[in-house]
Structure formats: C-alpha cells, structure tokens
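Below is one structure; the comments refer to it alone.
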Amino acid sequence: MGAQQPKWDQAGQMPSAVDTVTAWRAPQRRPVVVAVHGMEDSWQSWETLTGLLGAEHQVYALDLPWRAGNDYRWRQYGSPAHWLHQGLQAIPEPVDVLLGHSFGANAVLQYLAQCGPAGPAARTAVLAAPFYRPSTLVCDWSLYHQSFAGFRSVMTEGMRTRLGPRAAAMEADLLASMADKLIERIGPMGFLALYDQFVATTELNLSQVPIPALVLAGEHDQGLAGDRAQALAEAMPMADVQLSPEFGHFFHVDHARESYERITAFLRAHLVDADARSHDTATRELLHEPSAATRHTADPTEPLMTTQPQNGHTA
C-alpha cells in the first residue's frame, strides 16, 4: 500500500440558488524546523532568525529545561539528548531540520550520536556555535579553569546581546557587575552542566551520524577554537563545518541575515536531495518492492528512552 495522501482543505464556498461553487486548497507541506535554544536562554531567542526562515519553513521552537533562570535539577532526570527527545514528541508533524545553538547544538549532537541504527527523527541538522573537545585536549585542571573563563565570557556576551543597543550606553563597571550577578545566580551547577557536555563530546560516536549537518561558528569562538573545528569535521564526516570571521557566539541574532542565507542554501541542497530519494522510495512501495526504509521499523530514538523523568541568550 502506498503512503497516505495528504488531504485537501476546503478554503471557501459561494452558494447560489442553482448550485454551490467550492474552492479547495492543495496540501502544501513546508519543511519543518525544530529550534533548540542554548543554556540560560529562551525559545524566543530564535525570533529574528526564524522570522526569516518562516517564509519557506514551518518553525517550532522548543522551551527546554536549561532555559534562563532554571535550577538545573533536570540533570537528575535525563541528559540533554533525552530532554530533546521528549521535546520532539510534542511536534505534531515529521521533522526535517534540527536547529540548535550552543548548548542546544550540543544536545542535538548528543541526540544524533545516540539515536540508534534507524537514525534520528530528522533529515538534516544545523549546529550553531557548538563546542567540541578533540581527543588531544587533555581534561585537566588547566582546561577546567580555561573552560570556566570561556563560560563567563559567553554568559557576558549573551547578556550584552539581550540588552541590545542599551549595552553600548552602559558603563563598563555596571556591565561587569551585572555579569558577576548573572554568574552567581547560575551557580556551579550551570557551569558543570556545560563542562560535562563539552568534555563528553570526545566520546560521541559522530562517525555514524547518517544525516547531513551544517556547523556554523565564529573563527574566534572558543567552542571551536584552534584545532577543535577541524577535529569535529574529521569526527563527523557528514558535517559541513563553516567558520566566519564576522560571527560571534550569538551570530544567529547579530548576523541573522547571513545565518539565514547559509542555512537555506544548505537546506535547499540537502532537502531537495532527500525529497528525491523519498520519491524513489514511494515509487518502490507502490510497486510492492520493499526498500531498506520500509524493512527497518525500529524506533529511531529507543536508546534515548532508557532514562525516564520522574516528573513531568547564553550558552
């Protein structure tokens, strides 16, 4: 049996004494993008970029437990990949693109590495400003302290991004004081959540990720500084790693137009290719020829379901 055909919608009617004229709207499914925000950030931080993406895509933004102001108790009930999987269950239609920023990008990275042989519940991924630790980077106290300094820098940059033009008019001492209060409020649990993710990236089996991914970052962003970008590209053959000298950590806000152009160029290329393969698969099904896709029925996220919760702009 072929795939169920999408339904037409009745757009309107014009009745008369003789007959009724009805207008029907053809099904038009746009590619679905699910956006995953960073640590101490908000789903609303995607507004500028998704305002551009929304012209060609159906965009959903997840509100995840590592949102601004959280207490980090969520770490006791599941990994970032687990919580992302939970969020994807709320999306009412098939997902085409996972779009993550910073800590959210690493949640996507972890999800892609752990979702099992059937592959992820998405056709492509876009990782904005992720962080990665090459195996040559020793996990010692020096790295710990360097990472905390980087954490503070990113949190401060995120604060300035949220302030917008107001930040330029504020005294440096005031901004530093605000940053101190922000770090104090986040506390060690917040930093450890990010540090644990960073350290663990070395062990992710990214060579088996089966979908194309676009990685965008600034040339001087510490998350992919030095040889980290090249190490990620080597570890993840399906990834296209692009660095820009213009990008900071929050380039999806500060350089939304260029981000949009890079992302849409990538998606147009890879989703068109995927659509062509999907059409070929559907043709085989109509001819009763089983394909690899129809033979494999395993839950693509089963490995992520082993940890269940007991209750229900920065990194």
Partners meeting side-chain hydrogen bond (donor to acceptor under 3.5 Å, both in side chains) with [X] (sequence neighbours left out):
| X | value |
| --- | --- |
| D240 | Q242 |
| T22 | Q13 |
| E258 | R262 |
| S244 | none |

Given side chains that start at C-beta, do those of [X] and [Y] come closer than 4.5 Å, heavy atoms only?
| X | Y | answer |
| --- | --- | --- |
| I186 | E40 | yes |
| Q110 | N106 | no |
| I211 | L112 | yes |
| L267 | D96 | no |
| P15 | T20 | yes |
| I263 | L49 | yes |
| H82 | Q86 | yes |

Keeping the roles fixed (side chain from [X], backbone from [Y]), state whether a donor-acceptor pair exists under 3.5 Å.
| X | Y | value |
| --- | --- | --- |
| S259 | H255 | yes |
| T264 | Y260 | yes |
| W83 | W74 | yes |
| S42 | Q44 | yes |
| W66 | L194 | no |
| T50 | L53 | no |
| Q58 | G54 | no |
| N205 | A113 | no |

Single-linkage hydrophobic cluster V34~W43, side-chain heavy atoms < 4.5 angstrom: no

Single-linkage hydrophobic cluster M238~L243, side-chain heavy atoms < 4.5 angstrom: no

Non-neighbouring partners of D180 that pass salt bridge (charged side-chain N to carboxylate O under 4.0 Å, His left out), sequence neighbours left out: R152

Salt bridge (charged side-chain N to carboxylate O under 4.0 Å, His left out) involving R30 - partner list, sequence neighbours excluded: none

Centroid separation H252 to W46 less than 6.0 Å: yes

Aromatic centroids of F250 and H101 separated by under 6.0 Å: yes

CD/E171: more than 12 non-hydrogen atoms of other groups inside 6.0 Å: no

Distance in Å, M236 CE paired with L232 CG, rounded so as to fall on 0.5 Å steps: 7.0 Å

Pair listing, side-chain hydrogen bond (donor to acceptor under 3.5 Å, both in side chains) test, anchored in residues 189-200, at least two apart: R75-D196

Of all pairs that satisfy side-chain hydrogen bond (donor to acceptor under 3.5 Å, both in side chains), the ones with a partner from residues 209-226, not counting sequence neighbours: D221-H249

Would you give me the side-chain donor-acceptor pairs under 3.5 Å for residues 127-136, sequence neighbours excluded?
residue: R133; atom: NE; partner: V199; partner atom: O; Å: 3.2
residue: R133; atom: NE; partner: T202; partner atom: OG1; Å: 3.2
residue: R133; atom: NH1; partner: L137; partner atom: O; Å: 2.6
residue: R133; atom: NH2; partner: V199; partner atom: O; Å: 3.2
residue: R133; atom: NH2; partner: T202; partner atom: OG1; Å: 3.3

Sequence-distant partners of W141, ring-ring contact (aromatic ring centres under 6.0 Å, His included), two or more places apart: Y144

Set of residues satisfying ring-ring contact (aromatic ring centres under 6.0 Å, His included) with respect to F251, sequence neighbours excluded: F247

Pairs where residues 47-63 contributes a residue and the test salt bridge (charged side-chain N to carboxylate O under 4.0 Å, His left out) is met, not counting sequence neighbours: E56-R268, D63-R67

From CA spacing to verdict: side-chain hydrogen bond (donor to acceptor under 3.5 Å, both in side chains), T161, E157: CA-CA 6 Å; T161 299; E157 184 181 346; 5.1 Å; no

Derivation of the side chain to side chain contact (heavy atoms under 4.5 Å, CB included) call for L216 and V241: CA-CA 6 Å; L216 295 175; V241 180; over 6 Å; no

